[in-house]
Amino acid sequence: MPVKTFTLRGADPEDAAWRVLLVPHAGAGASAGAAFAEHVPDDWAVATARLPGRESRVREPVGGLAELTADVAATARALPGSGPLLVVGVCSGAVIALEAVRVLQRDGDVPVSGFVAVSQWAVTEKPDPERRLLRDTDEPGELLDILREFGGVPESLAANEEMLGLLLPTIVADMRAVEEYSSSPDPLLACPLLTVFGDEDPLCPEERVEDWDLFSDRTRTVWLPGGHLLLTESPELLARAVADSVGHFVAPHEEGPAA
């Protein structure tokens with residue numbers, strides 16, 4: 001039986017006005033998109049990527065950024081329907097999603113109508129050479145301390161030793177794949193870019209996110225009340241921000257589907 005690399009919620013993708021491919025944060029499975037999908041317009045279809053190492057793919061190795069990028073690009077190709085596609089990446093998932101959109105753009109086989117980066121500082125920023133790296137340790141306590149610096153582990157999870165023990169290896173693998181990543185704006189995105197941040201997110205202050213404007217000729221930024229974990233803590237606000245920005249993804253001379 002083929003491995004299911006995504007879950008679908010919302011409208012029938014064959015008839016959907018908009019299709020969304022959501023790439024969630026480190027360690028998250030396809031279930032992470034359920035609350036977001038509940039709050040998008042009724043005629044939208046939401047596919048949440050199920051990456052290796054979690055849920056029904058728990059026995060698969062996570063791999064590095066190249067493997068995760070290829071996985072998300074393959075998922076985009078496998079999505080049913082032909083409506084306009086938005087790719088939404090959250091935190092570390094935004095890095096994977098950005099690279100997947102670039103692959104799809106290069107190959108030209110799946111048109112992407114818009115890219116949304118959520119709770120991820122501009123990737124032009126070089127990693128701090130003094131910062132501790134996850135790749136340099138396997139000690140659980142130290143791994144947890146480093147992940148906290150990235151906002152990668154909610155305190156509710158950190159306090160649950162049993163659940164943390166189950167999820168920590170996947171979270172670490174995801175973060176190791178992106179922890180040294182940086183990129184110039186080239187190749188420029190061919191689609192509009194929307195960035196969404198929490199106004200109380202210490203990891204994404206204005207000075208760390210402004211360079212996202214360099215990645216597309218059409219950019220827009222939305223600030224929401226909240227911190228770093230918008231997908232889990234404020235899914236309704238995040239879904240509304242994406243839906244309210246639908247006009248941004250339609251060229252001024254085009255008449256696209258309504259939100």
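Quantities reported herein were computed from a predicted structural model and do not represent experimental measurements. Atoms considered below: every heavy atom in the structure, side chains included; atoms not considered: hydrogens, waters and symmetry mates.
Going from atom OG1 of Thr219 over to atom CG of Leu214 covers 8.5 Å, rounded to the nearest 0.5 Å. To the nearest 0.5 Å, the span separating CG on Leu188 from CG on Leu193 amounts to 9.5 Å. Atom CG of Leu104 is separated from atom CG of Asp109 by 6.0 Å, given to the nearest 0.5 angstrom. Here Glu67 contributes atom CD and Glu60 contributes atom CD; the two are 12.0 Å apart, rounded to the nearest 0.5 Å. Note that CZ of Arg208 and CD of Gln120 are 8.5 Å apart. Values are rounded to the nearest 0.5 Å. Considering CZ of Phe115 and OG1 of Thr195, their distance stands at 10.0 Å, rounded to 0.5 Å.
When all heavy atoms of Pro192 and Ser113 are compared, the pair lying nearest together is CD-O, 3.3 Å. Contact record, Val23 with Gly93: CG1-O, 3.6 Å, taken as the closest heavy-atom pair. Residues Pro41 and Ala243 approach most closely at CD-CB, 3.7 Å, considering heavy atoms. Annotation for Gly27 and Asp174: closest pair N-OD2, 2.7 Å, computed over non-hydrogen atoms. Between Gly89 and Ala97, the shortest heavy-atom distance links the atoms CA-CB, 3.9 Å. Minimum heavy-atom separation, Gly33 to Arg9: C-NH1, 4.4 Å.
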Mind running side-chain contact (heavy atoms from CB on, under 4.5 Å) on Val242 and Val20 for me, showing each step along the way? CA-CA 10 Å; Val242 176; Val20 177; 5.6 Å; no
What do the steps show when you test Leu22 against Leu231 for side-chain contact (heavy atoms from CB on, under 4.5 Å), and what is the final call? CA-CA 10 Å; Leu22 176 67; Leu231 179 62; 4.2 Å; yes
Mind running side-chain contact (heavy atoms from CB on, under 4.5 Å) on Val118 and Phe36 for me, showing each step along the way? CA-CA 13 Å; Val118 181; Phe36 174 88; over 6 Å; no
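Residues Val72 and Val103 do not share a hydrophobic cluster, clusters being chains of Ile/Leu/Val/Met/Phe/Trp/Tyr side chains in contact below 4.5 Å.
Checked by atom type and distance alone, the side chain of Thr170 pairs as donor or acceptor with a backbone atom of Gly53 at under 3.5 Å. Without hydrogens or angle criteria, Gln105 side chain to Ala190 main chain gives a donor-acceptor distance under 3.5 Å. When atom types are taken as modelled, the side chain of Asp12 and the backbone of Glu14 share a donor-acceptor pair closer than 3.5 angstrom. The closest donor-acceptor contact from the side chain of Thr48 to the backbone of Thr7 lies at 3.5 Å or more, if one exists at all. Between the side chain of Arg19 and the main chain of Pro80, a donor-acceptor pair closer than 3.5 Å is present. Side chain of Glu99 to backbone of Leu68: no donor-acceptor contact under 3.5 angstrom is found. A donor-acceptor pair is defined here as one N or O able to donate and one able to accept, closer than 3.5 Å; such a pair exists between the side chain of Ser245 and the backbone of Ala241.
In this structure, the ring pair (Phe, Tyr, Trp, His ring centres under 6.0 Å) partners of Phe197, at least two apart in sequence or on a different chain, are Trp223. Qualifying side-chain hydrogen bond (donor to acceptor under 3.5 Å, both in side chains) partners for Arg106, counting only residues two or more places apart in sequence or in other chains: none. With sequence neighbours left out, the side-chain contact (heavy atoms from CB on, under 4.5 Å) criterion links Ser183 to Arg102, Val123, Tyr181, Phe215. Ser119 meets the side-chain hydrogen bond (donor to acceptor under 3.5 Å, both in side chains) test with no other residue; sequence neighbours excluded. Every residue was checked against the salt bridge (Lys or Arg N to Asp or Glu O under 4.0 Å) condition with Asp201, not counting sequence neighbours, and none meets it. Contacts of Asp199 classified as salt bridge (Lys or Arg N to Asp or Glu O under 4.0 Å), with partners at least two apart in sequence or in another chain: none.
A heavy-atom distance below 4.5 Å is not found between the side chains of Leu224 and Ser234. Using a 4.5 Å cut-off on side-chain heavy atoms (C-beta onward), Thr221 and Trp212 make no contact. Side-chain contact between Arg240 and His39: absent, with no pair of heavy atoms (C-beta onward) separated by less than 4.5 Å. A heavy-atom distance below 4.5 Å is found between the side chains of Leu238 and Val196. Side-chain atoms of Leu237 and Leu230, non-hydrogen and from C-beta on, never get closer than 4.5 Å to each other. Looking only at side-chain heavy atoms (C-beta outward), Trp44 and Leu86 come within less than 4.5 Å of each other. Looking only at side-chain heavy atoms (C-beta outward), Cys91 and His228 come within less than 4.5 Å of each other. Arg176 is not listed as a side-chain neighbour of Val62, based on a closest heavy-atom distance of 4.5 Å or more.
Atom CG of Asp42 is surrounded by 12 or fewer heavy atoms from other residues, nucleotides or ligands within 6.0 Å.
With respect to Asp71, the salt bridge (charged side-chain N to carboxylate O under 4.0 Å, His left out) criterion is satisfied by exactly one of Arg50, Arg77, Arg54, Arg57: Arg57.
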